[in-house]
Amino acid sequence: MLGEAFSDRVLAWFDRHGRRDLPWEQPATPYRVWVSEIMLQQTQVVTVVPYFERFMARFPNIAALAAASIDEILEYWTGLGYYARAHNLHWTARLVRDRYDGEFPQDIEAVRELPGIGRSTAGAILALACDQRHAILDGNVKRVLARHRAIEGWPGTTPVSNRLWRIAEELVPAQRVADYTQAMMDLGALICTHRDPHCLACPLQGDCKARQSGRQHELPAARPRKRSAVRNTMMVMIRTPSGDVLLQRRPPTGVWGGLLSFPEVRNEQECIAWCEGLLGVAPFNIIRWPVVRHTFTHFHLDITPLQVSVECRVSRVGDDAQYVWYNRNTPRGGLSAPVKQLIERLYAQEGATDGPHGTVRQTG
DNA sequence: AATGCGGGGGT
DNA sequence: ACCCCAGCATT
């Protein structure tokens, strides 16, 4: 086994143990592989599978995706995070429709120009769907290669990344590129795992430099950690007697881009002024909920939810795309995880006049 | 609270 | 080449 070429060992392992039941593998069209790769960029397979299946049922091809509204795409994306990915998916679908006659391009340079698709994702699409000879370098492959060659340093730095890319490209076989590519991802996900690598089951154990020196737990080097800052905001949950909740569309870029969210203010006074300004009515029954901490990669967001009531739905808000009266019976548009959770809690205490435990109640 | 899943894009 | 951006689940 040791003398055998790297890719032959990987492929032999794949033939016995590789995953062949992932939904985007049957069939592995460029469209399906593309969508799956985007979903998988920051999200684990078990999480992605149900999202992928719902997405494919609703948007079975590029034409369907291109024709859809961003609101509906975000609705299907709700909970996956990194919502710029959904915008890029939509943008790319329309680009492919308009510029490539609806056929996903199969030239690596053309693919790489599409929004949201970089070097690794472009390689993955063409390798997995078209068997073209391109390397990928996702987190799984980085880990396998960094260990096999005992590459020092954090892969997030340019020199380490460059070394890994060069190795990745050298190792891609001339035949069975799709299987090899899937095999490398499977190897990283199933065998060469981050915390507890199963070296004894690994087809590369014979010449793995990390294993030879007992350093498989230390490689690849972890990203240097930094303290995350804390930001604060107050989210206003305005509801009507009929159960409608006022949501506001966020800007297309930035945090929770394009999603529907609660209007944000700095304090109660600002909330009251805001309601009177936009809705023309004074809010009443103002209840401050306990802080909800939402953690992003680089900062925490401490949200103080402020529940308020208004007498009735104000019509001048309803038809504006900027503001929406949201009702759980007719959900529409994407919601961030904390907003979705807060809406659920709002409805859960339906009929009750008190907020959750520990809240301070005041009347406005 | 810490950490795992990770890559794209702009300057 | 370097720096910035952006979520959720699990432990």
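So you know, we letter chains A, B, ... as the sequences are listed, proteins then strands, and number each from 1. For clarity, every value in this text was computed on a predicted model and none was experimentally measured.
Closest to the side chain of R143(A), from the set dC2(C), dC5(B), dG8(B), is dC5(B). Comparing dG7(C), dG8(B), dC5(B) against the side chain of T297(A) picks out dG7(C) as the nearest. Looking at the side chain of T121(A), the nearest of the listed nucleotides dC2(C), dC5(B), dG8(B) is dG8(B).
Of the possible donor and acceptor atoms, none in the side chain of R239(A) sits under 3.5 Å from a partner among the backbone N and O of Q307(A). Judged by distance alone, with hydrogens and angles left aside, the side-chain atoms of T157(A) form a donor-acceptor pair with the main-chain N or O of W154(A) at under 3.5 Å.
Contact check on D71(A) versus R249(A) returns a salt bridge, with a Lys/Arg side-chain nitrogen under 4.0 Å from an Asp/Glu carboxylate oxygen. Between D207(A) and R149(A), no side-chain nitrogen of the basic residue sits less than 4.0 Å from a carboxylate oxygen of the acidic one, so the salt-bridge criterion is not met.
If you find the closest nucleotide of DNA chain C to F299(A) and to T47(A), the one lying nearer the 5' end belongs to F299(A). Nearest-nucleotide positions on DNA chain B for T43(A) and G118(A) put T43(A) closer to the 5' end. Summary of the strand contacts: G116(A) and T193(A) both lie near DNA chain B, and taking for each the nucleotide with the nearest heavy atom, the more 5' one is attributed to T193(A).
With 3.5 Å as the limit, one finds no donor-acceptor pair spanning the side chains of E311(A) and T240(A). Checking Y82(A) against Q42(A) by side-chain atom types alone, no donor-acceptor pair falls below 3.5 Å. When only modelled atom types and interatomic distance are considered, T233(A) and E264(A) share a side-chain donor-acceptor pair under 3.5 Å. Checking R143(A) against N140(A) by side-chain atom types alone, a donor-acceptor pair falls below 3.5 Å.
With a cut-off of 3.5 Å on both pairing distances, dG6(B) has no Watson-Crick or G-U wobble partner at all.
Atom pair W154(A):CH2 and dA1(C):C1' shows a separation of 14 Å (rounding to whole Å applied). Between the CG atom of L342(A) and the C1' atom of dC8(C) there is a distance of 15 Å, given to the nearest Å. To the nearest angstrom, P of dC8(C) lies 11 Å from CG of L301(A). Here dG7(C) presents its C1' atom at 14 Å from CG of L74(A), a figure rounded to the nearest Å. The distance from atom CE of M39(A) to atom P of dG7(C) is 15 Å, rounded to the nearest whole Å. R223(A) places its CZ atom 12 Å from the P atom of dT3(B), with the value rounded to the nearest Å. Atom CD in Q41(A) sits about 12 Å away from atom C1' in dC5(B), given to the nearest Å. Between the P atom of dG10(B) and the CD atom of E113(A) lies a distance of 13 Å, rounded to the nearest Å.
For DNA chain B, the residues of residues 77-85 of chain A within the heavy-atom distance limit of 4.0 Å (strictly under) are Y82(A), sorted by number. DNA chain C is contacted by S336(A), A337(A), P338(A) of residues 332-341 of chain A, taking any non-hydrogen atom closer than 4.0 Å.
Using the six-membered ring where Trp is involved, Y76(A) and F55(A) have ring planes that are perpendicular, over 60° apart on the 30 and 60° scheme. The aromatic rings of W24(A) and F52(A) sit perpendicular to each other, their planes meeting at more than 60°, with 30° as the lower class boundary.
Residue Q42(A) is classed as a base contact, given a heavy-atom separation below 4.0 Å to a base. Residue R112(A) is out of contact with every strand shown, counting any heavy-atom pair closer than 4.0 Å.
Taking the P atom of each, dC5(C) and dC5(B) are spaced 24 Å apart, rounded to whole Å.
For the pair V45(A)/M39(A), no side-chain contact is recorded, criterion being any heavy-atom separation below 4.5 Å from C-beta on.
The shortest distance between the side-chain N/O atoms of W256(A) and the OP1/OP2 oxygens of dC5(C) is not below 4.0 Å. Listed pair H294(A) / dG7(C) fails the phosphate criterion, with no side-chain N or O lying under 4.0 Å from OP1 or OP2. Between R293(A) and dA1(B) there is a side-chain polar atom (N or O) within less than 4.0 angstrom of OP1 or OP2.
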